[in-house]
Peer 1: 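What follows is a single structure, and I will ask about it in a moment.
So that the names make sense, note that chain A is the first sequence line, chain B the second, and so on, each numbered from 1.
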Amino acid sequence: MLITNIKTEILTVVAAACRNLFGLQPEPLKLGYPPQVELGDFTVECFPLAKQFRQNPAKIAQTIAAEIEPSESIQSVRAVGPYLNVKIHNHALFGGVCDEIVRQKESLGNADRGQGQRVMVEYLSPNTNKPLHLGHIRNGVLGMTVSKLLETTGHTVIKANLVNDRGVHICKSMLAWLKWGEGRTPETTGTKGDHFVGDWYVRYAQAENQQPDLEQGTQEMLRKWESGDPETLKLWELMNGWVYGGFAETYQKLGLEFDAFYYESHTYNLGKDLIQMGLEKGAFVETEDGAVIAKLPVNEFGTQRDGSQKVETLLRSDGTSVYVTQDLGTAKMKFDEHQLDRSIYVVGSEQNYHFQCLFKLLDMLGFEWAPECYHLSYGMVNLPEGKMKSREGTVIDADDLIEEMFQLAADEIWQRDSAGRLSDEEVQKRAFAIGMAAIKFYLLRVRPELTINFDPKESISFDGFTGPYCQYAYARCASILRRAQTQDLASVDADFSLLGNKEELQLIRALIQFPEVVEEAARDLSPARVCNHLFIVAQTVNQFYHKHPVLSAESSPLIKARLALVNASAAVIKKALALLGIETLEEM
RNA sequence: GCGCCCGUAGCUCAGCUUGGAUAGAGCACCUGACUUCUAAUCAGGUGGUCGCAGGUUCAAAUCCUGCCGGGCGUGCCA
């Protein structure tokens, strides 16, 4: 029997008992889990019934428990205080869950809560004047995991990258390269393209202090770019091309994927028509000097320092657009182009105010989809020495970090392989998977809104609440399943009624809860929920593994039953890791 | 000033949406377990006024109000 059917049966039976005893349909009841597995597999609280039937909840629990007859799946219902603790027959519980999980395979944990809704997840949004850093990694793994969570719960997801490819900061690296580059390229210097361009940006920043006239040069270049000067555009395309080449490598290593790219060079003029529309509707107003502003409601935005209403500029007095102007246009374009039902922006919390404004402005313009825009805000990643500041060079470069994690994992693997059995290729493959697991898990395991104070020591740890720990639990399962193939068990049937010790019960519960966790994680856009539950599954697997032999269990039917449990556990861990963008390894 | 976010063990966090069984992990520290399916593991121990004060409730880490501490922002930058 499917586990969902068992859950439904419990609630149905309790409701029926209430009707018999009190002659009334009870308020909707909640199915939970007792704090210890020894108490039962499921629990129903009787507090709501106490209110409804005006009786002591413990008394009600007792009466109901006495009323319920055991069934094919329900072994017993016991009242413990105000709780109805339900024990399911072990053969039904373990057999049902293991069977269900194995049959679902990749669709494990899927749900249709999305009902095909079209959702855009915009994330990463890099600048093309410097390489990616640690903050981008947090953004990237968040965006990817949220996308996968939505996909797995029945949404059609469009992953978008809004590339900031224009502006004065881009001109700085262009100018520096023109002045001092002497025609060098990423190819001639053997430098990754984004780092190559980033180096010229740094070079500019260094020279800026001594040569204030450089500033004029970049402004001049920006004007040329905007007027479409062919040579400037050519240089711009050349250098951006280098950056994209470099980015592509990093995306690949991090497993970041995109279905749509937006470039600010295309979008920066969008939105002016919407401003006009807003003026006509009376939503926005024009000031004396020709700028266009919107007045923000005090109840949502508070007041300015002097107590007056807050105001947002939408169009400069010279008629040119600002950040929010183009974002208004881009927001509409996204909905028009992709028939979106929902639009999610994965952007750091320092832009909370910007998105609050943006969404309010869309609302003021009367777009009915405005409430479907959501800013998935995440906290900054600080270093031990403080904030990351690219201008001061206090950043952790994404490629450097990836390389460092890889090296650490490789060292660890070599230490464990003193006999030197592993090929270089195998070591590299494992080291990469383990290193990336460590960093991704480290960034995803806390709620997005929390600031992370990057602790290098903790981030590279492979023990405890980490990605490699979870990978290891999977590898152990895989090892058992591999060895089982060499045993002759084909003719034996699993006897699930032989399962039921504490560790097995804890494990099966963790597996049962997995689909619920995936739904909650998708609903809350919170990968941390997946991390936490994945860790619980891995932990219970390790406890079970340590205490109860699988392949040398007392009887063949027990071996088969435990193998099924191991198989189901492996499937859940694999799916959970996949949602987090972490590879599984058959051996570690 | 105003807005948003955070405050739970020495450190990093979970639990808060939807109030409910003795508040859970990891790290660190101490003790123990590899001739046994991988010790990147497991078992045990030490460690908590859930920021403070009120309120709602049979019941509050969880909901409400006020305060304190920290972070991020706060109209022609992105």
Side-chain angles (χ1 to χ4, degrees), chain A residues 30 32 34-36 39 43 45-47 50-51 56-57 80-83 85 125 127 164 167-169 264 287 289-296 298 300-307 310-318 320-327 348-354 356-357 377 379-380 382 387 409 412-413 415-416 434 442 445-447 449-453 455 457-458 461-466 468-469 471-473 475-484 520 523-524 528-529 531-533 535-536 539 542-543 545-553 562 566 587-588:
Chain A
K30 205 173 69 184
Q36 287 102 30
L39 290 169
T43 195
E45 292 175 6
C46 293
F47 297 106
K51 206 164 207 172
N56 180 331
V80 180
Y83 300 93
N85 290 338
S125 311
N127 289 352
N164 187 347
V168 71
H169 50 293
E264 218 184 296
T287 62
D289 58 3
V292 177
I293 59 160
K295 293 182 176 172
L296 304 168
V298 175
E300 291 171 57
F301 289 83
T303 60
Q304 299 196 60
R305 249 172 245 276
D306 60 13
K310 284 218 171 197
V311 159
E312 178 80 355
T313 297
L314 308 177
L315 218 49
R316 292 191 189 100
S317 32
D318 64 4
T320 58
S321 49
V322 292
Y323 183 37
V324 76
T325 322
Q326 24 179 317
D327 262 9
S349 59
E350 65 273 19
Q351 295 200 36
N352 282 358
Y353 180 75
H354 169 73
Q356 198 191 351
C357 286
S377 164
M380 358 184 54
N382 292 335
K387 267 175 89 162
E412 197 81 8
I413 293 165
Q415 270 180 38
R416 282 155 218 269
I434 293 168
Y442 176 78
R445 68 184 191 179
V446 301
R447 308 200 307 282
E449 61 268 31
L450 293 190
T451 302
I452 293 179
N453 291 310
D455 180 341
K457 207 179 257 172
E458 210 178 325
S461 166
F462 301 153
D463 306 325
F465 187 32
T466 66
Y469 175 97
Q471 287 176 311
Y472 184 62
R476 281 178 144 183
C477 292
S479 172
I480 292 175
L481 296 169
R482 241 186 345 265
R483 284 164 188 269
E520 287 170 7
R523 182 197 60 200
D524 301 346
R529 284 187 184 270
C531 290
N532 280 297
H533 193 72
F535 179 64
I536 289 171
Q539 207 175 27
N542 277 329
Q543 288 162 356
Y545 178 97
H546 183 258
K547 204 154 178 186
H548 307 288
V550 176
L551 297 173
S552 56
R562 285 194 177 150
V566 168
E587 292 180 68
M588 276 176 76

Peer 1: Taking N or O atoms only and anything under 3.5 Å, show me the protein contacts with nucleotides 59-63 of chain B, one pair per line.
Peer 2:
none

Peer 1: Taking any heavy-atom pair under 4.0 Å as a contact, classify A/Ile293: base, sugar-phosphate, or nothing.
Peer 2: base
Peer 1: Which listed nucleotide (B/rC2, B/rA40, B/rG20) is nearest to the side chain of A/Tyr83?
Peer 2: B/rG20
Peer 1: Nearest whole Å is fine: how far is B/rG24 P from A/His533 NE2?
Peer 2: 18 Å
Peer 1: So among A/Leu315, A/Thr313, A/Thr325, which one has a side-chain contact (heavy atoms from CB on, under 4.5 Å) with A/Val292?
Peer 2: A/Leu315
Peer 1: Expressed as a whole number of Å, how far does the P atom of B/rU18 sit from that of B/rC2?
Peer 2: 28 Å
Peer 1: Do you know the tightest heavy-atom contact between A/Val550 and A/Arg562?
Peer 2: CG1-CB, 3.9 Å
Peer 1: I'd like to know if A/Arg523 reaches the base of B/rU18 with its side chain, counting only an N/O donor and acceptor under 3.5 Å.
Peer 2: yes
Peer 1: Mind checking A/Phe301 for me? I need base, sugar-phosphate or nothing, with any heavy atom below 4.0 Å counting as a touch.
Peer 2: sugar-phosphate
Peer 1: Could you pick out which residue, A/Ile452 or A/Thr287, lies toward the 5' side of RNA chain B when each is mapped onto its nearest nucleotide?
Peer 2: A/Ile452
Peer 1: Nearest heavy-atom pair of A/Asp289 and A/Ser317: which atoms, and what distance?
Peer 2: O-CB, 3.2 Å
Peer 1: If I pick the P atom on B/rU49 and the same atom on B/rG10, what distance separates them, to the nearest angstrom?
Peer 2: 8 Å
Peer 1: Given the rule that a pair is Watson-Crick or G-U wobble with both distances under 3.5 Å, how would you write RNA chain B in dot-bracket, using | for pairs to a different strand?
Peer 2: (((((((..((((......[...)))).(((((.......))))).....(((((..]....))))))))))))....
Peer 1: Taking 4.0 angstrom as the limit, do A/Glu458 and A/Arg445 come out as a salt bridge?
Peer 2: yes
Peer 1: Kindly write out the residues that satisfy ring-ring contact (aromatic ring centres under 6.0 Å, His included) with A/Tyr442, not counting sequence neighbours, or none if the list is empty.
Peer 2: A/Phe454
Peer 1: Over how many whole Å does the gap from A/Gln351 atom CD to B/rC77 atom C1' extend?
Peer 2: 11 Å
Peer 1: Between P on B/rG75 and CG on A/Asp306, what's the gap in Å once rounded to a whole number?
Peer 2: 12 Å
Peer 1: If you look at every strand shown and take non-hydrogen atoms under 4.0 Å, does A/Asn56 touch a base, only sugar-phosphate, or nothing?
Peer 2: nothing
Peer 1: Which residues pass the side chain to side chain contact (heavy atoms under 4.5 Å, CB included) test with A/Val324, sequence neighbours left out?
Peer 2: A/Glu312, A/Leu314, A/Val322, A/His354, A/Leu358, A/Leu361
Peer 1: Whole Å only: how far is the CD atom of A/Glu350 from the C1' atom of B/rC77?
Peer 2: 13 Å
Peer 1: Heavy atoms only, 4.0 Å cut-off, all strands: where does A/Pro34 land among base, sugar-phosphate and nothing?
Peer 2: base
Peer 1: Excluding sequence neighbours, so at least two apart, what forms ring-ring contact (aromatic ring centres under 6.0 Å, His included) with A/Phe535?
Peer 2: A/Phe465, A/Tyr469
Peer 1: Between B/rA78 atom P and A/Gln326 atom CD, what is the distance in whole Å?
Peer 2: 6 Å
Peer 1: Spell out yes or no: do the side chain of A/Arg416 and the base of B/rA40 have one donor N/O and one acceptor N/O closer than 3.5 Å?
Peer 2: yes
Peer 1: Taking the P atom in each of B/rA23 and B/rC50, what is the distance between them to the nearest angstrom?
Peer 2: 11 Å
Peer 1: Using whole Å, what does the distance between atom P of nucleotide B/rU12 and atom CG of A/Asn382 come to?
Peer 2: 13 Å
Peer 1: Looking only at atom C1', what distance separates B/rG32 and B/rU46, rounded to whole Å?
Peer 2: 15 Å
Peer 1: Check whether the side chain of A/Thr466 and the base of B/rA40 form a donor-acceptor pair under 3.5 Å.
Peer 2: no
Peer 1: Could you check whether A/Ser317 gets within reach of a base, just the sugar-phosphate, or nothing at all, counting any heavy atom under 4.0 Å?
Peer 2: base
Peer 1: At under 4.0 Å between heavy atoms, what does A/Val446 touch on the DNA or RNA strands: base, sugar-phosphate, or nothing?
Peer 2: sugar-phosphate
Peer 1: Under 4.0 Å, heavy atoms only, any strand: does A/Leu481 hit a base, just the sugar-phosphate, or nothing?
Peer 2: nothing
Peer 1: Separation of A/Tyr353 atom OH from B/rG3 atom P, in whole Å?
Peer 2: 12 Å
Peer 1: Out of B/rC37, B/rG73, B/rU38, which has the shortest distance to the side chain of A/Val550?
Peer 2: B/rC37
Peer 1: Take the protein atom CG of A/Asn453 and the nucleotide atom P of B/rG70, then report the distance between them rounded to whole Å.
Peer 2: 15 Å
Peer 1: Strictly distance-based, threshold 3.5 Å: is any side-chain N or O of A/Glu350 a donor or acceptor partner for the main-chain N or O of A/Met380?
Peer 2: no
Peer 1: Tell me what A/Asp289 touches on the nucleic acid: a base, only sugar-phosphate, or nothing, going by heavy atoms under 4.0 Å.
Peer 2: base
Peer 1: Do A/Phe462 and A/Met588 come close enough that some side-chain heavy atom pair is under 4.5 Å?
Peer 2: no
Peer 1: With a non-hydrogen cut-off below 4.0 angstrom, is A/Thr303 in contact with a base, only sugar-phosphate, or nothing?
Peer 2: base
Peer 1: Indicate yes or no: at least one non-hydrogen side-chain atom of A/Glu412 is less than 4.5 angstrom from one of A/Ile434.
Peer 2: no
Peer 1: Across the strands shown, which category fits A/Gln304 at heavy-atom distances under 4.0 angstrom: base, sugar-phosphate, nothing?
Peer 2: base
Peer 1: Give A/Lys295 one of three labels, base, sugar-phosphate or nothing, depending on what nucleic acid heavy atoms sit under 4.0 Å from its own.
Peer 2: nothing
Peer 1: What's touching nucleotides 41-43 of chain B from the protein side, N or O pairs under 3.5 Å?
Peer 2:
from: B/rU41; atom 1: OP1; to: A/Gly464; atom 2: N; distance (Å): 3.4
from: B/rU41; atom 1: OP2; to: A/Asp463; atom 2: OD1; distance (Å): 3.4
from: B/rU41; atom 1: O3'; to: A/Asn542; atom 2: ND2; distance (Å): 3.4
from: B/rU41; atom 1: O2'; to: A/Arg476; atom 2: NH1; distance (Å): 2.8
from: B/rU41; atom 1: O2'; to: A/Arg476; atom 2: NH2; distance (Å): 3.4
from: B/rC42; atom 1: OP1; to: A/Tyr469; atom 2: OH; distance (Å): 2.4
from: B/rC42; atom 1: O2'; to: A/His546; atom 2: ND1; distance (Å): 2.8
from: B/rA43; atom 1: OP1; to: A/Gln543; atom 2: NE2; distance (Å): 3.2

Peer 1: Which nucleotide, B/rA40, B/rG15, B/rG26, lies nearest any side-chain atom of A/Phe465?
Peer 2: B/rG26
